[in-house]
Amino acid sequence: MNRRSGRRPTRYSSSAIWTPKSISGLQLWLRADLGITIGTGVSAWADQSGTGDANKNVTQAVAGLQPAYSTANAGLNNQPALSFTGSQLLQSGVWASALPQPLTIMVVGRLTTAGKYVCDSINGAVQCGMFDSANTLQVYAGVQRPTLLTSDGTKFVIIAYFNGNASNHYPMAYTSDNYGGIGPGTNGLTGVTVGCYAGGGAFSGSDIAEMAYWNRALTPMEAKSLLNYAGARYALTIGP
Amino acid sequence: MKAITSPDLASLEAIQAKLDAELGYPFEGADIGGGIHAPPEQSRTLRRVDIIKHPSLDQWALPVDQGVAAALAARADAAATATTGGAVKAGGAVLEGWPAPVDVATPLGDALAAADLGPDWDQKAGPVP
């Protein structure tokens, strides 16, 4: 109690918990402890971005194609994750607003078995996403470019900025790489597929804990905050 | 992957509807965790498997995964002890209540025999790096 005024002192709490939602321009945010609906496996994984477009929720109405759900994935610091083992996929509807380049995608997960697409667009003829090629994540928006995992085995947090030949990425590191100035193509997206190629097949072998999409480039400071967030949450080792 | 194949999509869809009803589809999902959840119309599980089309032939396949196989086995077991009249035969079991064969030349009994799909059924297509 303030002796002079008789009022209780104002309490300044620490700022709200930092999440990918703290970075402006967020278009899609999927995190495995939020918005999960279980059918046989996961029948819906709801977007938490706050844009209010229900077509951004990724869903699967067929039981045999639903990914399994783990409330505590031992390979991802006992955080929840969805398991894709070669024949599961989730897909959004067509977004109310398309997401052309420039755009940024962050994915956190773990490669578990040989597989292909971790994420893609919803149009097999206009792809935009990431796929696994023998434990080497690669980005693809019309042109194949490598995104090497530089540490932490098969666990990963990848922040990939898509903007033609001005693209870059943060492969488990605070230092970005620009693919030698040859970008992964110019495709954008109108929706998201998780776990396989947008046209069907080329399934992933991975556990996915979190995905986020922005409609712009992140600043180096924002990327660093994001890497720190993912590193702490999923016990990932982030390189220099 | 094992599957029941047929050139007749309608009869496979009828089989699928029967199987799904017996397995309890469609059913509502259960929301867990925090955050915003998808509305029920998006998160409902509608069926066990999807019927797939041969990439080039006029042929369809109903995948027989563990859930479908269990439903087929349960139905065959039940039918084996039932007294039936005019029911459809499938793999030696009498499956009362199954949809009648659409094509006499391809009786449903034959169509219900699940077999491994050959590599020609591979759905992968398009510009996959």
**Message:** Does any backbone or side-chain atom of A:Q138 lie under 4.5 Å from a heavy atom of chain B? Answer side chain, backbone, both or neither.
**Reply:** neither
**Prompt:** Taking B:D31, B:L23, B:D20 one by one, which has the highest count of heavy-atom pairs under 4.5 Å against chain A?
**Reply:** B:D31
**Request:** Give, as side chain, backbone, both or neither, the part of B:R48 having an atom under 4.5 angstrom from any heavy atom of chain A.
**Result:** both
**Asked** Taking all atoms of both residues into account, what is the closest heavy-atom pair of A:A63 and B:Y25, and its distance?
**Response** CB-OH, 3.2 Å
**Message:** Heavy-atom pairs under 4.5 Å with chain A: which of B:G33, B:P26, B:G29 has the most?
**Reply:** B:G29
**Asked** In terms of heavy-atom contacts, does CD of B:Q66 have more than 12 from other residues, nucleotides or ligands at under 6.0 Å?
**Response** no
**Message:** Need one label for A:D47: side chain, backbone, both or neither, based on atoms under 4.5 Å from any heavy atom in chain B.
**Reply:** backbone
**Request:** Would you sort out whether B:I32 and A:T37 count as a side-chain contact (heavy atoms from CB on, under 4.5 Å), showing the intermediate values?
**Result:** CA-CA 6 Å; B:I32 62 170; A:T37 304; over 6 Å; no
**Asked** Among A:A32, A:A44, A:G64, who wins on heavy-atom pairs under 4.5 Å with chain B?
**Response** A:G64
**Message:** For B:S43, is there any backbone N or O sitting under 3.5 Å from a side-chain donor or acceptor partner on A:T59?
**Reply:** no
**Prompt:** Hey, which of A:A61, A:G39, A:G142, A:P80 has the most heavy atom pairs under 4.5 Å with chain B?
**Reply:** A:A61
**Distance-minimising heavy-atom pair for A:N57 and B:Q42** = ND2-OE1, 2.7 Å
**Request:** List the atom of A:A46, the atom of B:I36, and the distance in Å for their closest heavy-atom pair.
**Result:** CB-O, 3.2 Å
**Prompt:** Taking A:L65, A:D33, A:I38 one by one, which has the highest count of heavy-atom pairs under 4.5 Å against chain B?
**Reply:** A:I38
**Message:** Which atoms of B:D50 are under 4.5 Å from chain A, going by heavy atoms: the side chain, the backbone, both sets, or neither?
**Reply:** both
**Prompt:** Checking A:S87 against chain B: side chain, backbone, both or neither under 4.5 Å from a heavy atom?
**Reply:** neither
**Asked** Are any non-hydrogen side-chain atoms of A:Q66 and B:T45 less than 4.5 angstrom apart?
**Response** yes
